[in-house]
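Since the model is a prediction, treat every value here as computed from it, not as a measurement.
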Amino acid sequence: MTLSKYLCLPLIINQSDNEESMWKSIAAAAPDAIFGLTEAFKQDTNPNKVNLGAGVYKDDQGITPILESVKKAERLLLEEEQTKSYLPISGDPLYTSCVQRLLFGEHSAVINSGRAVTAHAPGGTGALRIGGELIQKFIPGATIWISSPTWANHHGIFGAAGFKLKSYPYYNRDTKGLNYDEFLATLAEVPAGDVVLLHGCCHNPTGVDLEPDQWKEVAALAADKGWIGFLDFAYQGFGDSVDQDRSSVNAFAAAGPDFFVASSFSKNFGLYNERTGAITVISSSAQEAAVAQSHLDLTVRVCYSNPPAHGGLIVKTVLSNPELEQNWRRELEGMCRRIISMRSALVEGLASRGVDQDFSYIRQQRGMFSFSGLADDTVAWLKEHKGIYVVGGGRINVAGLTTSNIDYVCDSIAEALQS
C-alpha cells in the first residue's frame with residue numbers, strides 16, 4: 001500500500017483509552033441559574049404555569065413582541081441595504097452618534113466637547129466585557145466594586161477579565177429599600193483607581209434606584225476620591241422615561257471624572273437575539289477621548305474584530321428618523337406603563353386576599369424586576385405546587401405578569417404565605 005493510501009484512511013482514536021483527554025478529569029459546569037429555570041419551566045406540564053424568572057419583556061398576551069418601529073426599520077433596511085460588508089471596528093458612525101444622543105440628550109456638552117467615544121458591542125454583556133478588558137489593560141491592579149445584590153453575571157464577566165471583586169452594600173432587606181447611608185460610606189472608602197460598577201437605572205435584581213440628587217452625590221464622590229464609575233445602563237426607558245432615566249449619566253457627566261457606560265438595546269428595543277449594545281468611554285477632553293478610542297478599537301479588534309450589523313442598523317434607522325423615533329418612544333412608554341400597572345395589580349391583589357405582609361414597596365420599585373420579599377421556601381413551594389417560577393432570593397420579572405395570570409399568581413402566593 002502506498003503512502004497516499006494511508007493518508008486517505010480515517011484516523012480512529014479510542015477516546016476511552018486516551019488518558020490525555022482534556023476533559024477526562026474536568027467536572028461539568030453548573031447550568032446558569034436563570035436559563036436553567038427557563039428550561040425547567042418549558043418541561044413543566046402544569047397548564048397554568050407562569051414564568052416570572054426570565055429577564056425578558058412580555059406583553060399582556062405573554063409574548064415578547066417585535067416592536068412596530070423595529071419592523072418598519074427592517075423593511076427600510078431590506079429595501080435600501082446594498083452590502084453585507086464588514087462594519088468599522090467601532091460600528092457604524094451614525095449608530096454610535098445615535099447611542100450618544102440617547103445617553104446624554106440633545107445638545108449635550110459631553111457630545112459637543114468630544115469627550116465621549118463609543119463602540120458598538122454585542123449586547124450589554126459584550127459592552128461590559130469590552131470595558132473591563134480596556135480597564136484591565138491599563139489599571140491591572142484595580143478592584144471592581146459590585147452592588148450587593150447584583151445581576152449574577154457581573155461577577156462572571158469581571159472575574160473572567162481578571163479583576164479582584166469586592167461588594168458594596170446597596171439593598172436593605174428590612175426596609176425593602178436602598179441602604180443609602182452604608183452605600184455612600186463604603187464608596188467614600190473606595191481607593192483611587194478602583195472601579196465602581198453601578199446600575200444606571202432599574203436596578204437588577206431589586207428594582208430599587210437612586211434619586212437624581214443621590215446620583216449627584218455619588219458622582220461628586222467619584223470625582224473627589226478618584227475612583228472610576230462604570231454604569232450598567234441596560235434598561236433606559238423602563239424606569240420613568242428615556243429622558244428621566246439618564247439621571248445617573250447626567251450626574252457623572254456634570255461632575256467631570258472619567259467614567260464608562262455599557263448600554264443595551266435588548267430590552268428597550270426588544271432586540272434580544274440581535275445582541276445590540278454599546279460601550280461608551282467618557283474622558284476629560286477630546287484629546288484624551290481620541291486616545292481612549294484608539295485603545296477601544298484595539299480591544300474590540302482582538303475580541304471580536306467588528307460588531308454584528310443588523311441590530312445596530314435597526315437602532316440607527318429608528319433613532320435617525322424622527323417619525324420612527326417618536327413611534328419607538330410611544331411603544332416604550334406603553335411597555336413601561338404596562339409594567340407599572342402590573343406592579344399595582346400585584347400589590348392590590350395580595351392585599352385583597354388578606355395577606356398580612358405589606359407588599360406596597362413593590363409599587364416604588366422601577367423597571368422589570370422586583371425583589372418581591374418572597375422567601376426561598378415560598379419560591380420553592382410556588383414552583384413545585386403551582387408551576388410559578390421565581391428566581392432564588394425572590395426576584396420576579398414583573399413583565400411576566402398579565403391580566404390573564406395575575407389572579408392565579410396572587411391566589412397562589414396568598415396560599416403559600418397563609419399555609
Side-chain angles (χ1 to χ4, degrees), residues 103 110 115-117 119 121 124-171 178-201 203-204 206 208-210 214-234 247-263 279-285 288-289 291-293 295-296 298-299 303:
L103 291 180
V110 169
R115 288 174 52 205
V117 293
T125 301
L128 290 166
R129 183 60 187 269
I130 288 297
E133 292 288 341
L134 184 59
I135 295 168
Q136 181 64 246
K137 183 175 180 179
F138 296 104
I139 321 177
T143 294
I144 300 282
W145 293 76
I146 298 175
S147 71
S148 178
T150 194
W151 178 47
N153 209 25
H154 281 152
H155 295 274
I157 292 166
F158 290 102
F163 287 100
K164 294 176 290 184
L165 307 178
K166 289 187 178 180
S167 64
Y168 58 82
Y170 187 83
Y171 182 70
L178 180 65
N179 191 357
Y180 187 65
D181 290 342
E182 288 189 36
F183 162 70
L184 205 63
T186 301
L187 296 194
E189 299 300 320
V190 172
D194 276 3
V195 180
V196 178
L197 183 66
L198 298 152
H199 297 237
C201 71
H203 185 275
N204 179 8
T206 69
V208 175
D209 280 353
L210 277 72
Q214 292 173 327
W215 276 118
K216 291 177 183 178
E217 286 188 87
V218 171
L221 194 60
D224 180 53
K225 298 296 182 178
W227 48 260
I228 299 168
F230 196 144
L231 303 178
D232 185 352
F233 202 38
S247 294
S248 57
V249 178
N250 288 342
F252 272 83
D258 292 357
F259 69 104
F260 291 67
V261 182
S263 49
I279 177 66
T280 299
V281 184
I282 301 89
S283 306
S284 299
S285 67
E288 292 180 12
V291 174
Q293 180 77 72
H295 290 287
L296 183 58
L298 281 178
T299 305
C303 288

| said: Between W215 and N250, does the side-chain contact (heavy atoms from CB on, under 4.5 Å) criterion hold? Intermediate values first, please. | reply: CA-CA 9 Å; W215 276 118; N250 288 342; over 6 Å; no
| note | Here the pair of heavy atoms bringing F230 nearest to G132 is CE1-N, 4.1 Å
| task | Grab the two heavy atoms, one from A289 and one from A116, that are nearest each other, plus how far apart they are. | result | CB-N, 4.4 Å
Return a table of donor-acceptor pairs under 3.5 angstrom between the side chains of residues 137-148 and protein atoms on other chains or two or more places apart.
{"residue": "W145", "atom": "NE1", "partner": "D194", "partner atom": "OD2", "Å": "3.0"}
{"residue": "S147", "atom": "OG", "partner": "P149", "partner atom": "O", "Å": "2.7"}
{"residue": "S147", "atom": "OG", "partner": "H203", "partner atom": "NE2", "Å": "3.1"}

| What residues, two or more places apart in sequence or in another chain, satisfy ring pair (Phe, Tyr, Trp, His ring centres under 6.0 Å) together with W151? | H154
| message | So does P169 get a backbone contact from the side chain of E182, meaning a donor-acceptor N/O pair under 3.5 Å? | response | no
| How many angstroms lie between CG in L165 and OG1 in T150, if you round to the nearest 0.5 Å? | 10.5 Å
| note | Taken in chain and number order and not counting sequence neighbours, the residues that satisfy salt bridge (charged side-chain N to carboxylate O under 4.0 Å, His left out) with R129 are E133
| field | Chi angles and distances behind the side-chain contact (heavy atoms from CB on, under 4.5 Å) call for F163, L197 | value | CA-CA 12 Å; F163 287 100; L197 183 66; over 6 Å; no
| query | Nearest 0.5 Å, what's the OG1-CG distance between T186 and D181? | reply | 10.5 Å
| field | Between CG on residue L103 and OG1 on residue T280, distance to nearest 0.5 Å | value | 5.0 Å
| message | If you apply the rule side chain to side chain donor-acceptor pair (under 3.5 Å), what do you find for H199 with S248, and how did you get there? | response | CA-CA 9 Å; H199 297 237; S248 57; over 6 Å; no
| message | How close do L221 and A188 get, counting heavy atoms only, and between which atoms? | response | CD2-N, 3.6 Å
| field | Steps toward side-chain contact (heavy atoms from CB on, under 4.5 Å) verdict (F252, L198) | value | CA-CA 11 Å; F252 272 83; L198 298 152; 3.7 Å; yes
| query | What closest approach, in Å, do N179 and Y171 show between heavy atoms, and which atom pair accounts for it? | reply | CB-C, 4.1 Å
| query | Atom CD in E288, atom CZ in R115: separation rounded to 0.5 Å? | reply | 9.5 Å
| query | CG/L231 to CD1/I282 distance, rounded to the nearest 0.5 angstrom? | reply | 7.5 Å
| query | Between S283 and D258, what is the shortest heavy-atom contact and its length? | reply | CA-OD1, 3.5 Å
| remark: Between the SG atom in C201 and the CG atom in L210, the distance rounded to the nearest 0.5 Å is 11.5 Å
| said: Quick check on side chain to side chain contact (heavy atoms under 4.5 Å, CB included): which of I157, N204, L128, V261 does D232 satisfy it with? | reply: L128
| L296 to A119 - nearest heavy-atom pair and separation | CD2-CB, 3.7 Å
| task | Give me the ring orientation class for F183 and Y180: parallel if the planes are under 30° apart, tilted from 30 to 60°, perpendicular past 60°. | result | tilted
| request: Check whether any side-chain heavy atom of V195 lies under 4.5 Å from a side-chain heavy atom of F158, and answer yes or no. | output: no
